[in-house]
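Comments concern the structure below.
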Amino acid sequence: MNFLDLIWLIPLFPVVGFLVNGLIGKRLPKSVVGIIGAGAVLVSFIFSAGAVLQLAQLPAEERSHTVRLYQWFDAGAAQTLGGQMARFQVDFGFLLDPLSSVMILVVTGIGFLIHVYSTGYMHEEDGFYRFFAYLNLFMFSMLTLVLGSNYLMMFIGWEGVGLCSYLLIGYYFHKKSAGDAAKKAFVVNRVGDWGLSIGIMLIFVSFGTIEFTAVGEAVREGLAAGSFSVSDPLFIGIALALFVGATGKSAQLPLYVWLPDAMEGPTPVSALIHAATMVTAGVYMVARSNFIFQMAPEAMAVVAVIGALTALFAASIGLVQNDIKRVLAYSTVSQLGYMFLALGVGAFAAGVFHLMTHAFFKALLFLGSGSVIHAMHHEQDMRKMGALKNKIPITFKTMAIGTLAIAGIPGLAGFFSKDEILWKAFSNPQGHVILWLLGVVVAGMTAFYMFRLLFMTFYGESRVDHHVEHHIHESPKSMTIPLMVLAAGSVVSGYLGIPLWLGGTNAFEHWLEPVFEPLPITQAAIVEHSHAFEAGMAALSVMVALAGIYLAYRKYYKTSYRAETEVASYGAAYPVLQNKYYVDELYDGLFVNRVKDAGVGLWKFDAKLVDGAVNGSASLTVTGANGSNWWDRWIVDGIVRFIGGFIKTASWPIRLIETGYTQNYALVMVLGVLIIIGYALWGGQ
Amino acid sequence: MDFFRQHILTIVAFWPVAGVIVLVFLNKENKTLIRWWANFVAFAGFVISLPIWFWFDFENSDQMQFIQKVPWIQNLGVEYHVGIDGISLLLVMLTTLLGPLALLSSWDAIDNRLKEYYAFLLMLQTGMIGVFISLDFFLFYVFWEVMLVPMYFLIGVWGGSRKLYAAIKFFLYTLFGSVLLLLGILALYFAYPGMAAQQPSLAAEFGTAHTFNVLAFQAMGSFLPAGLQWWIFLAFFVGFAIKVPMFPFHTWLPDAHVEAPTAGSVILAGVLLKMGTYGFLRFSLPMLPEGTKAFIPLMITLSIVGIVYGALVAMMQPDMKKLVAYSSVSHMGFVTLGMFALNPNGLNGSIIQQINHGISTGALFLIVGMIYERRHTREISQFGGISHVMPVFAVVFLIMTMSSIGLPLLNGFIGEFTILMGALQANLWYAIAAGSGIVLGAAYMLWLYQRTMFGTLDNPANQKLLDMNFREIVTVAPLIIMAFWIGLYPAPFFKAVEKPVNKIVLKVRPDFFQGAPQLNAGQPAVPAQGDAR
Amino acid sequence: MDQFFQIQDIGAIAPELEMAIFGMILLVADLLIEQKRKLGWIALVGIGCSASFLVLQRLRDVDVSAYGGMLVVDPFSAFFKFIFLLGAALSIAISLKYLDIERENHGEYYALILFATMGMMFMASAVDLVTLYIGLETMAIATYVLVGFLRNNQRSNEASIKYFLLGAFSSGILLYGMSLLYGISGSTKFVEIAEALSRRPLTDPISLMAMITLLAGMFFKIAAVPFHQWTPDAYEGAPTSITAYMSVAVKAASFAMMVRVFMVAIYPLRPEWVPIMSVVCVLTMTLGNIAAITQSNIKRLLAYSSISHAGYILLGLIAGNETGLVAIPMYLLIYTFTNIGVWAVVVALRRKDVIGEHVDDMSGLFFKHPVSAILMLIFLLSLAGIPPTAGFIAKYFLFAAAIETGHNVLAVIAVLNAAISIYFYFRIVVAMFMREATEKTGLVYSPGVLTALGVAILFTIFIGIYPDPLITMARQAVVMAF
Amino acid sequence: MVATHHYLFLAAALFTIGVIGVLTRRNIMIVLMSIELMMNAVNINLIAFSNHLQQVNGQIFAIFVITVAAAEAAVGLGIVIAMFKNKETMNINEIDLMKW
């Protein structure tokens with residue numbers, strides 16, 4: 001079977017699952033629903049794997065395979081900025097290349113595991129079928145996002161995952177907080193999409209196409225022909241516009257606010273969407289647009305700085321969160337910051353590498369936390385946990401692996417990818433020592449709060465509610481097996497990219513090379529560092545992580561957890577961190593409430609001022625006794641009622657002269673004649 | 001068959017009136033018969049309009065087709081002259097599609113004075129189709145005004161609590177605009193003979209006598225003095241802008257929508273508003289290219305203000321229907337924005353968006369109508385958690401919400417994105433400013449959805465609501481199908497409008513396609529995708 | 001020409017003579033016939049005979065100048081005469097039953113209508129001040145009496161008094177102007193007056209005085225602001241059928257006279273009277289409409305509406321070109337059909353104990369008399385100028401004339417007024433269609449009313465849909481006359 | 001010698017007196033008489049012009065005016081009597097049943 005030409009089926013299988021579950025799922029038994037849902041993804045995974053294997057067999061320079069299904073739309077002629085004519089036409093096409101192959105494997109692979117996990121986790125829920133339908137729809141969107149051959153195909157997925165995220169966050173729709181979070185997620189994302197769509201449009205008017213490969217070629221050609229130059233404002237504009245989109249979807253500053261709230265959704269959703277796949281879409285998109293970002297070093301600097309700051313910012317909030325999922329959520333934001341840091345310093349492959357490893361261990365951690373929550377009967381507050389180690393051993397062990405991985409302990413996946421990023425932040429020409437330093441600090445904080453999570457949850461004395469205490473049980477196989485597989489992945493996936501200084505080949509980077517081929521731009525020479533120096537830097541970052549772990553060990557393992565001591569230890573910073581730097585409040589005050597005010601204000605304006613002459617003339621029908629208050633009304637009801645009022649005033653004298661007295665009539669006539677005479681004799685000249 | 005084919009436009013347009021004539025003689029008490037007959041007439045109207053789509057020559061979509069031309073008032077040079085090109089094709093089909101759905105939606109909702117109700121709806125149908133097929137300005141104006149009366153009655157008799165106010169407001173507002181439009185038409189009419197005397201090409205094709213021929217006026221557009229064009233554009237602007245409605249002429253719309261019965265709202269939003277934009281497209285742009293250019297800044301500004309304004313006001317509405325009504329203001333802002341970006345992308349998108357708006361807003365009004373029928377209130381605060389009791393309804397509502405906020409693979413996206421693309425080609429800031437409408441659009445629609453569908457079902461009155469019945473599903477199903485069709489495969493629609501649009505663009509900006517050969521064909525030679533790149 | 005008396009002269013005034021004869025027959029028959037309604041039929045026969053003479057005249061298709069050039073028989077006058085006859089006939093048709101209800105069915109009623117109509121016909125033909133004046137007064141005096149025909153009704157008396165006093169006053173003013181014109185030109189013939197005026201400077205004060213006094217008199221007759229105030233009172237107080245008659249025939253006659261005088265006699269002063277007329281036109285349209293908005297008495301409402309219609313028609317004179325002049329007779333004819341239709345319904349509202357003049361009396365008419373309500377709706381739409389009714393065609397011509405001659409501001413004001421007018425017309429519609437029927441709601445039909453309604457609706461719709469023949473006729477009438 | 005313009009001034013004066021009479025007198029009969037005065041002013045005008053122009057048209061016109069005025073007066077009296085029967089007043093200010 002030629003899987004390469006069948007890649008369009010990969011997103012389609014989940015659609016079938018979605019349709020079946022969505023339309024008739026209500027009448028199917030839960031097991032069948034689960035099998036359909038997970039099976040659809042499994043088939044996608046098989047097709048993905050087949051396609052990737054076949055792709056790998058091609059020579060490196062031919063590893064780009066486009067399948068055009070049909071022309072999606074053709075909106076007619078357009079003038080590009082260069083004055084050429086182009087047609088705004090978009091294909092319904094799919095592109096398999098090394099980058100998208102990584103993405104589809106991650107998405108379908110981890111997606112499948114999470115589907116399996118969900119069959120267990122969601123088993124008690126109403127609307128089981130609905131959940132799987134949404135999940136499958138999400139898989140479709142996500143696969144379209146990463147497989148699409150052009151920016152608009154990506155945009156389909158981009159918006160589609162947004163919709164699914166909305167639906168899944170709002171899955172417990174009877175909870176107001178869930179509904180609010182869902183809406184917040186969508187609307188904040190829409191702000192990003194605003195930028196993204198502007199970026200896409202700019203790409204079209206600049207290059208006359210939005211196909212990834214064609215745009216890439218156009219950039220290269222333009223560069224060769226001298227029609228484009230590095231740091232061209234156009235490229236900076238496009239890059240920044242795209243990055244605005246990325247900050248929305250990938251929860252970066254300043255648009256990260258939706259992600260922590262998104263934890264209102266069921267835990268598998270958090271794992272799939274808000275950790276492993278959807279939130280990395282921004283990373284994917286920036287990586288995909290590397291040729292544009294390379295042309296705009298200033299924009300890359302912005303990306304790097306935003307990434308680093310987000311990493312630090314989110315990590316600091318994560319230090320004090322007590323909701324197990326919120327800790328993970330901020331951790332995700334922070335890790336995404338890492339990825340953007342990598343992209344920003346030009347280490348696209350490193351960013352994608354971290355994306356992949358992060359997908360494994362973060363999905364693992366979320367699912368593990370789900371397992372904990374499942375065991376704890378939907379208790380998410382870590383302050384009410386503790387000493388769960390022996391009660392749910394599999395969960396504990398797998399989560400421990402995940403924690404070690406994210407902390408960057410050598411030998412696990414996180415170490416390889418994180419170290420790669422830190423090294424590139426230091427050594428790449430676009431890098432800077434401050435960026436590196438931020439990264440290292442974040443690494444330490446990450447290690448600290450993750451181990452805080454681990455210790456608070458599994459160690460120490462039990463703070464569990466008594467009613468819950470004796471119900472605690474290990475999760476069913478359908479949940480633990482995915483955990484174990486992911487734990488394995490969290491270890492193994494790192495070995496795809498063993499760096500050179502460890503004697504590896506950095507296979508992952510090589511695999512992605514065709515996509516991230518640097519543009520022929522003259523830039524500062526890469527300062528060569530010895531492998532020993534690189535190893536030393538790595539050791540340093542590991543030391544910092546270990547320090548973080550030790551700190552956590554001291555605070556949360558050695559001493560039993562007490563809220564007051566924790567609060568006290570942060571001093572004045574605690575409320576700030578606990579309240580997430582008051583950003584939500586700030587946004588509410590600055591934007592949300594202002595928009596609502598504007599809405600109310602304009603509405604009143606509309607009703608009172610803009611509203612038409614009709615209103616005025618309608619009010620005429622009531623001429624009676626409202627003479628006294630009509631001034632009032634005249635002013636309140638504003639401009640257009642003014643016309644009505646004017647008519648009313650005009651009708652007043654008519655009333656005065658229409659007295660019914662014959663002689664008054666005659667008088668008016670005579671006056672009329674006199675006025676005309678006056679006009680004709682003197683006025684006319 | 002040949003007769004049918006030659007007269008298809010006339011037949012489609014007047015078929016509903018023929019149905020009304022029969023309807024008048026039905027027994028007033030026999031409500032079932034009246035309902036069946038009216039629905040049959042409307043549905044048959046749709047069926048007999050289908051051949052238009054299939055017989056339409058898409059290759060020559062910029063040529064008027066199915067032309068019928070009969071002298072009417074010879075003293076004035078008025079003709080019964082109908083024909084359609086790609087643009088009118090879409091709008092005619094939209095009208096014949098929405099008509100039966102609107103009728104079907106009133107099956108249970110309307111129970112008093114049925115006969116008149118259906119008669120007015122069907123007469124409205126004729127008026128609307130007539131507007132879109134007229135190629136004679138006089139004829140156009142007649143249809144344009146004719147449909148005011150049935151709409152007035154639909155709002156005034158079967159409307160809500162402030163129906164009389166809303167009805168007369170609708171009527172007066174529109175009438176104010178259209179009488180000025182009439183003056184503009186007259187100015188063109190009297191300018192024509194003089195122009196024809198000077199321009200042999202004009203005289204050769206359309207003669208030198210007074211005429212109302214739209215095509216002649218379009219041809220004249222290139223020669224008309226700019227000053228005159230400016231004034232005529234102003235007159236047209238008021239007429240069409242009120243109908244669209246563009247900010248600040250929009251205040252009739254919320255009232256009319258809120259008070260109108262569901263079917264009225266559907267028709268109003270779905271078709272009537274399009275008459276304004278169609279007017280701009282068919283008349284203002286090609287007939288008054290210089291005037292158009294002079295007004296572009298104003299039109300763009302008003303469009304963008306409309307987009308943002310409509311969205312902001314919509315957000316805070318406590319009444320669902322009013323919310324959707326204000327969203328129309330915002331959506332129609334997109335339509336006019338694309339139109340006055342004056343490039344093929346913008347115009348194409350603008351036309352597609354007109355269709356989209358008809359579909360999604362029409363459906364949203366149907367949806368609001370369904371819930372109103374059940375609860376007799378449209379206060380958003382009265383609802384919450386409806387998903388629990390009306391799952392199918394929730395899904396339909398969701399799809400249409402998504403269509404309205406422009407989710408890709410649904411219709412709204414295609415239109416909005418293309419419009420923004422066109423706007424961006426005109427000026428980056430237009431696109432950025434208008435893009436805010438997308439964010440706000442998501443905000444108000446999702447907020448609405450959240451407040452009504454999500455949450456706990458705490459209002460006891462909502463606990464026994466019935467889900468959509470078969471008739472209601474049948475009513476919205478075509479719209480859902482259309483939404484997906486346009487979202488997934490809009491090619492036929494774009495194909496229908498592209499050539500006429502290019503013609504319009506060439507008219508206003510003759511140098512637009514320069515640099516590309518075959519300028520005269522009206523079809524720019526642009527390398528197909530993949531050839532050049 | 002030189003001969004004092006020619007047989008053609010008699011032929012020229014045959015239709016008028018015929019009306020006079022039948023008028024006198026009626027006076028005599030009044031003594032003999034007990035059932036007064038029969039007199040109405042006689043009057044109708046008279047009108048029919050007159051109309052057939054008119055047709056015969058037209059068939060010969062020659063313009064006759066009779067009585068030494070004191071009057072002409074041309075297509076223009078024929079067209080107007082046709083309007084008068086039509087107005088008279090339809091008014092009589094709606095009077096028959098109505099007068100019984102008012103208990104005032106007397107023979108002289110019909111005779112007076114015939115005499116008034118005869119006066120109008122002379123007005124339309126007159127090309128000489130003397131003929132014009134006599135025609136005018138014949139019409140006016142007959143109408144004064146008709147307005148006060150409800151002898152026992154104080155409102156009718158009052159209306160009559162007011163109309164009479166103001167009418168006489170205004171004709172005094174008009175007459176003063178005529179005397180000045182005679183003094184200037186030494187002739188009473190329009191053509192010669194025009195010649196004399198064109199020899200004098202435009203700003204000659206005597207010419208201006210003459211023009212202004214003429215204007216005032218004429219504005220009174222057509223009820224233009226500020227000479228309009230008698231109208232609502234007279235319309236309200238007069239028997240409804242006479243109100244109908246006045247609103248169509250008297251108005252048409254006044255316009256016929258106005259067109260002749262202004263387009264021939266004082267045409268040289270056109271630059272002087274156009275601005276004045278423009279202002280009056282704007283005032284008339286606007287005040288008429290605004291005042292109508294607050295009326296709740298249908299007769300009064302329609303009176304104000306008719307004032308505003310006079311304002312529109314002035315547009316035609318202001319434009320003064322072919323389109324404008326064609327518009328005037330066309331408008332008046334269409335207005336005759338439409339307005340008689342409206343009045344027919346109002347007449348039918350009058351029943352034994354119900355005065356039926358209030359808008360509320362129309363409440364729910366649709367439920368009791370759907371056909372009448374729908375007809376009324378169509379008439380009102382026609383008055384408002386909504387296509388495809390005849391009223392649209394009429395308005396179209398006026399607006400077209402204004403645009404064609406560059407009176408753009410006037411045109412804009414006029415169309416906006418036309419739009420406003422829908423507001424008060426639709427108050428009646430609202431009452432008919434959207435209110436519940438009350439006990440008072442109801443109509444009394446008579447064959448006459450039904451016939452009038454039928455004729456009116458037929459032409460209102462027919463002209464609206466296919467106005468071509470009418471336009472051709474009106475165009476002929478005007479082109480050949482001017 | 002009495003010149004034409006003297007007649008014209010006389011007529012104008014009479015006419016103005018008539019107008020003022022119409023405007024100010026309260027008794028309907030006097031108002032009617034004022035109108036007659038206006039008519040007669042016109043007659044003076046016509047005859048003066050006729051004399052001035054040495055042709056007969058004006059006099060003919062004047063005779064017609066006199067005739068019409070007589071008819072008008074007759075009708076006017078009739079109307080006034082009809083009203084007096086119902087209302088028993090000659091005061092013009094009491095005729096105000098119909099107004100706005």
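Each chain gets a letter, A, B and so on, in the order the sequences are listed, and its residues count up from 1.
When the candidates C:Thr188, C:Ile134, C:Val145 are compared by the number of heavy-atom contacts under 4.5 Å with chain D, C:Ile134 comes out ahead. Counting heavy-atom pairs closer than 4.5 Å to chain D, the top residue among C:Ile184, C:Leu175, C:Leu180 is C:Leu175. With respect to chain D, the highest number of heavy-atom pairs below 4.5 Å among C:Gly148, C:Ala168, C:Gly177 belongs to C:Ala168.
Inspection of non-hydrogen atoms places D:Ile35, D:Met38, D:Met39 of residues 33-41 of chain D under 4.5 Å from chain C. At a heavy-atom cut-off of under 4.5 Å, chain D is reached by no residue from residues 108-119 of chain C. Within residues 42-53 of chain D, the residues having any heavy atom closer than 4.5 Å to a heavy atom of chain C are D:Val42, D:Asn45, D:Leu46, D:Phe49, D:Ser50, D:Leu53, listed by residue number. Inspection of non-hydrogen atoms places D:Ala12, D:Phe15, D:Val19 of residues 8-20 of chain D under 4.5 Å from chain C.
With a 4.5 angstrom heavy-atom cutoff, C:Asn153 touches chain D only via backbone atoms. Of the two parts of D:Val80, the backbone and the side chain both hold a non-hydrogen atom closer than 4.5 Å to a non-hydrogen atom of chain C. In this structure, chain D has heavy atoms under 4.5 Å from both the backbone and the side chain of C:Tyr144. With a 4.5 angstrom heavy-atom cutoff, C:Phe169 touches chain D via backbone and side-chain atoms both.
The line from NZ of C:Lys189 to CG of D:Asn57 is 6.5 Å long, rounded to the nearest 0.5 Å. Rounding to the nearest 0.5 angstrom, the gap separating the CG atom in D:Asn86 from the CG atom in C:Asn152 is 6.0 Å. The OH atom of C:Tyr182 lies 10.0 Å from the CZ atom of D:Phe61; values are rounded to the nearest 0.5 Å.
Closest approach of D:Glu72 and C:Ser171 over heavy atoms only: OE2-OG, 3.9 Å. Nearest heavy-atom pair, C:Ile161 versus D:Met83, reported as atom, atom and distance to 0.1 Å: CG1-SD, 3.8 Å. Taking each heavy atom of D:Val31 and C:Leu165 in turn, the nearest pair found is CG1-CD2, 3.9 Å.
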